[in-house]
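Okay, so here's the structure we're looking at.
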Amino acid sequence: MPNLNDIMEMVDALETKAVITAPTRCVAVRNRHSSCRKCADVCLADCITVDKNELEIDAGACVACGACIAVCPTSALVSVDPMEEELAAAVADVTRATDGVTVIACARKAARQTGDPDKYAVVPCLARMDEMLLVELAARGIQDIQLVDGTCRTCKYRAAVPAIDDTVESARTLLESVGSTTTITRTDDFPAVAKVADLHKAVGAARREFFTSTGHYAKDVAKSAAEKMVSEKLKQLKLQKEEQSLREKLGVKAGAGKMPTIEASRNLAILDAMARIGEPVEPEMFTRIFGDIEIDTEKCNGCGMCVMFCPTDALRKCLDKHPDETRGYVEFSMADCTQCNLCADACLKKCIEIIPVVKMDELFDFEPRLVEISASKTGNKLFNRKK
């Protein structure tokens, strides 16, 4: 059995984090000219630093609100508390208990013990909600989603309120675009279906949660030797990575004409859920999830920087020849565009604009669209390199 010294040593060896980073997915890490600072802008604790091809979170300052996760266009920030799978499982359990009404409450509201703990899921702050979870609930047939968050004006998370409003409005737009009748409501009190009938039950549940958490911690501490070994290994790997060049960290091969790409997994999950709900009912949609692109061919010189730096492969090299020798094409996939804006930021001629209005027929088509550009000038080798 570990003694007090073992426990204190474990506390020093392991750093508790609510959010971890996946730097190679961050567009500001991939290109220092990136203008994306969405995570830092929404962070109410000012604990996120994005500078000089680095993405860092001050775990000690982080308040675990989750707002940064919801706005990151490339999922470079990952929630650990709660993990996505844990939140989804909790939501599924409480929805079964309320006969099809999903109730999610912030931790502050939950602490007031006015709701039945078996009938709602808890998050540190409703800023942790993102469109993927809300749209997926609707796709699974949930007609009523209740988000309960008490009196925000006196809460330490109150600066996250605009971010919560943006996410809810974004999810509503996505659902309305495919004719969903699911309602998403923000409220300051639990709905009748989730009200507590026995105060002792709520208090008892809070105590059980405390002792359960303590039990999990004791089990973790009992594995201190293995944990510290892993921690030391991670420190060694971190030091090794710090010695690598940016190209090595990102996995860019010598002579490559395009950086390694990542899958726009959140986009695809949302689009899949929308398709299961129904057909588009509007010709176009204003959204922060997907994007369209416009290229000024008069300014474009065909350098290919947009294709090289596009993180999700939404922009790709096209082998089709334009009938006009002074023009060329790139392929654009609307479903893969996350509005990270890196193509526009990397563009040497500043001739690219990302549009937050998408055509629904193209979005659901999945076939790339040919976008006209200027032909690559003599001596420009970028498009002639291998991927």
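Both backbone and side-chain heavy atoms feed into the values below; hydrogens, waters and symmetry mates do not.
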Quiz item: How would you list, by chain and number, every residue that makes a side chain to side chain donor-acceptor pair (under 3.5 Å) with Thr182, sequence neighbours excluded?
Solution: Ser180
Considering only distance and modelled atom types, tabulate donor-acceptor pairs under 3.5 Å from the side chains of residues 38-46, sequence neighbours left out.
{"from": "Lys38", "atom 1": "NZ", "to": "Gln339", "atom 2": "O", "distance (Å)": "3.1"}

Quiz item: Applying ring-ring contact (aromatic ring centres under 6.0 Å, His included), which residue pairs with at least one partner in residues 51-89 are found, sequence neighbours left out?
Solution: none
Quiz item: Tell me the salt bridge (charged side-chain N to carboxylate O under 4.0 Å, His left out) pairs involving residues 294-312, sequence neighbours left out?
Solution: Glu298-Arg327
Practice problem: Sequence neighbours left out, what pairs pass side-chain hydrogen bond (donor to acceptor under 3.5 Å, both in side chains) with at least one residue falling in residues 348-358? | Solution: none
Side-chain polar contacts of residues 362-372 - donor-acceptor pairs under 3.5 angstrom, sequence neighbours left out - could you list them?
{"from": "Glu362", "atom 1": "OE1", "to": "Arg369", "atom 2": "NH1", "distance (Å)": "3.0"}
{"from": "Glu362", "atom 1": "OE2", "to": "Arg369", "atom 2": "NH1", "distance (Å)": "2.7"}
{"from": "Arg369", "atom 1": "NH1", "to": "Asp292", "atom 2": "OD1", "distance (Å)": "3.0"}
{"from": "Arg369", "atom 1": "NH2", "to": "Asp292", "atom 2": "OD1", "distance (Å)": "3.0"}
{"from": "Arg369", "atom 1": "NH2", "to": "Ile293", "atom 2": "O", "distance (Å)": "3.3"}
{"from": "Glu372", "atom 1": "OE1", "to": "His322", "atom 2": "NE2", "distance (Å)": "2.7"}

Quiz item: Taking ILVMFWY side chains as joined if any heavy atoms are under 4.5 angstrom apart, and letting links pass through other members, which residues group with Ile20?
Solution: Val78, Val80
Quiz item: In chain order, what residues pass the side chain to side chain donor-acceptor pair (under 3.5 Å) check against Thr287, with sequence neighbours excluded?
Solution: none
Quiz item: Is there any salt bridge (charged side-chain N to carboxylate O under 4.0 Å, His left out) pair reaching into residues 157-166, and which pairs are they, with sequence neighbours excluded?
Solution: Asp165-Arg186
Practice problem: Just grab all the salt bridge (charged side-chain N to carboxylate O under 4.0 Å, His left out) pairs involving residues 124-137, residues at least two apart or on different chains. | Solution: Glu131-Arg288, Glu136-Arg140, Glu136-Arg276
Quiz item: What pairs with Phe290 under ring pair (Phe, Tyr, Trp, His ring centres under 6.0 Å), at least two apart in sequence or on another chain?
Solution: none
Self-check item: Of all pairs that satisfy ring-ring contact (aromatic ring centres under 6.0 Å, His included), the ones with a partner from residues 76-120, not counting sequence neighbours
Solution: Tyr120-Phe190
